[in-house]
Amino acid sequence: MERLAQADLPPIVSVVAPSGFGKTTLLSQWAERDGLAFAWVAVEEADNDPKVLLSRIAQVLDTVEPIDRQVFDALTSPASSIPGLVVPRLGSAMLSRTSPVALVLDDVHVLRNSECRAALSMLADHVPDGSRLVLSGQVEPPLRIARLRAEGRVLEIGPGDLSLTRDEASSLMRDAGIVLEEQEVAELHRRTEGWPVGLYLAALYIREGAPFGRVAASFGGDDLFVSEYVESEFLSRISPQDRAFLTRTAVLERMCGPLCDAVLERSGSAEALADLARSNLLLVPLDRRGKWYRYHHLFRDMLRAELDRLEPELIPVLRRRA
């Protein structure tokens, strides 16, 4: 919140983290506390059409301050070009605003349409002084982030910023009506790595009746609450091949491409790891070169439990290869 409230905030704000880190909560709290007007678009599957997406953006901007009717004329004309006419007019409308605005696109990772992604990249060049373009999602936004970073035009907020500290984890437990010893909170914080939803699921687990005296030690990624959340928010949207890669490499404490190739007796694992890292599947990079990774503790617990359930005979084979 302090970083978002700074006077010299860059024109682009990127909030990227896996599900359950509180991205939308953060932006909602910012909107409540900041004097800036907010125009909010919760991106949906139907927005994978450039005119639909840009129409929604134009409409929310229009509610804050009326924009040029020519923008809507271009959007409704079947013959109008998105990059040649629609985006330039919408960009000009943004630049000509008399009062600043924060245009928020939440869940921007839903956008797969190349024209939509290109349009957002073009709009990023039309953010007027004092205004903000805020893109929040589970993967890196469709912008030229490297260039924006080099130019100092983007503030990036990631999982490390959104993870809860041990004191915050303790506060969360107290607010959920859970009283724990300090060492138990510390162990839960270590197991969840400060993942907000993981800590809240731990609170639900305790409330449901965790084993007396071993609350922290008994909670893990194989718990029903965690496995159902991971299934719905992560695993349901990947291919069976990627899922098999995840479960079988979960025998490893840390991974690189050649090691995974050896364990799985295949090739191309380095590319698979890079793709999974880009999709923010609770894969934690261990260096700045994109070589070594590990899984989030709860995620790995869940994957190992699935491997033990589906292919238990494969576990000693994979370990021997490793």
Side-chain angles (χ1 to χ4, degrees), residues 16-21 109-110 112 137-140 158-160 163 187-199 201-202 205 216-322:
V16 179
S19 182
F21 270 91
H109 60 270
V110 172
R112 295 176 299 277
Q138 296 176 12
V139 299
E140 191 171 278
S163 297
E187 177 61 18
L188 280 177
H189 183 263
R190 185 193 69 79
R191 285 174 174 260
T192 61
E193 302 186 51
W195 186 28
V197 77
L199 283 160
L201 292 174
Y205 166 77
S218 62
F219 177 75
D222 53 350
D223 177 70
L224 180 62
F225 289 152
V226 177
S227 60
E228 287 182 345
Y229 185 86
V230 170
E231 177 68 39
S232 64
E233 295 296 320
F234 296 97
L235 299 182
S236 63
R237 58 187 173 89
I238 66 173
S239 68
Q241 293 77 17
D242 283 343
R243 186 164 183 147
F245 180 93
L246 292 170
T247 55
R248 292 173 182 178
T249 55
V251 299
L252 302 170
E253 291 187 8
R254 62 182 199 143
M255 304 159 289
C256 67
L259 177 56
C260 292
D261 282 345
V263 168
L264 302 177
E265 293 189 337
R266 53 165 277 182
S267 60
S269 295
E271 292 81 0
L273 285 170
D275 288 342
L276 290 169
R278 281 192 291 271
S279 66
N280 246 328
L281 267 174
L282 294 178
L283 191 65
V284 181
L286 297 178
D287 57 41
R288 295 175 63 88
R289 298 178 178 83
K291 181 178 181 181
W292 285 96
Y293 300 89
R294 69 168 176 85
Y295 292 123
H296 184 284
H297 296 327
L298 291 184
F299 192 41
R300 184 179 181 227
D301 286 349
M302 188 267 183
L303 294 172
R304 290 170 65 187
E306 179 164 309
L307 181 64
D308 187 54
R309 186 175 68 254
L310 298 178
E311 299 179 296
E313 73 288 347
L314 197 56
I315 296 175
V317 177
L318 297 171
R319 287 177 173 162
R320 188 162 55 248
R321 293 173 185 167

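Starting from 1, each residue takes its place in the sequence as its number. Just so it is clear, the values below take in all heavy atoms, side chains as well, and ignore hydrogens, waters and symmetry mates.
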message = What's the separation between atom OG1 in Thr192 and atom CG in Leu201, rounded to the nearest 0.5 Å?
response = 10.0 Å

query = Are side-chain heavy atoms of Leu235 and Met302 found at a separation under 4.5 Å?
reply = yes

message = How close do Thr249 and Cys260 get, counting heavy atoms only, and between which atoms?
response = CG2-SG, 3.8 Å

request  = Just jot down the side chain to side chain donor-acceptor pair (under 3.5 Å) partners of Ser19, sequence neighbours excluded, or say none.
outcome  = Tyr229, Glu233

key: Minimum-distance pair of heavy atoms, taken over all atoms of Pro159 and Phe21   = O-CE2, 3.8 Å

key: side-chain contact (heavy atoms from CB on, under 4.5 Å) against His296, all qualifying residues, sequence neighbours excluded   = Glu193, Trp195, Leu282, Leu298, Phe299

task = Can you tell me which residue pairs pass the salt bridge (charged side-chain N to carboxylate O under 4.0 Å, His left out) test with a partner in residues 262-271, sequence neighbours excluded?
result = Glu265-Arg321

task = First locate atom CG of Leu252, then atom CG of Leu259, and finally report the distance between them rounded to the nearest 0.5 Å.
result = 5.0 Å

ask   = To the nearest 0.5 Å, how far apart are CH2 in Trp292 and CG in Asp287?
value = 9.0 Å

query = Listed by chain and number, what are the side-chain contact (heavy atoms from CB on, under 4.5 Å) partners of Arg304, not counting sequence neighbours?
reply = Ala250, Arg300, Arg319

ask   = How many angstroms lie between atom OG of Ser227 and atom CG of Asp301, to the nearest 0.5 angstrom?
value = 11.0 Å

task = May I have the step-by-step check of side chain to side chain contact (heavy atoms under 4.5 Å, CB included) for Phe245 and Leu276, ending in yes or no?
result = CA-CA 10 Å; Phe245 180 93; Leu276 290 169; 3.7 Å; yes

remark   = All heavy atoms of Ala305 vs all of Asp222, minimum pair found to be CB-CB, 3.7 Å

request  = For Asp308, enumerate each residue passing the side-chain contact (heavy atoms from CB on, under 4.5 Å) test, keeping only those at least two apart in sequence or located in another chain.
outcome  = Pro312, Ile315

query = What closest approach, in Å, do Leu318 and Leu264 show between heavy atoms, and which atom pair accounts for it?
reply = CD2-CD2, 4.4 Å

note = Rounded to the nearest 0.5 Å, the CG atom of Leu246 sits from the CG atom of Leu283 at a distance of 8.0 Å

query = If you take all heavy atoms of Val139 and His109, which pair is closest and at what distance?
reply = CG2-CB, 3.6 Å

query = Where do Leu286 and Arg294 come nearest, in terms of heavy atoms and distance?
reply = CD2-CG, 3.9 Å

ask   = Quick one: salt bridge (charged side-chain N to carboxylate O under 4.0 Å, His left out) pairs with a partner in residues 239-257, sequence neighbours left out?
value = Glu231-Arg243, Arg243-Glu306, Arg248-Glu311

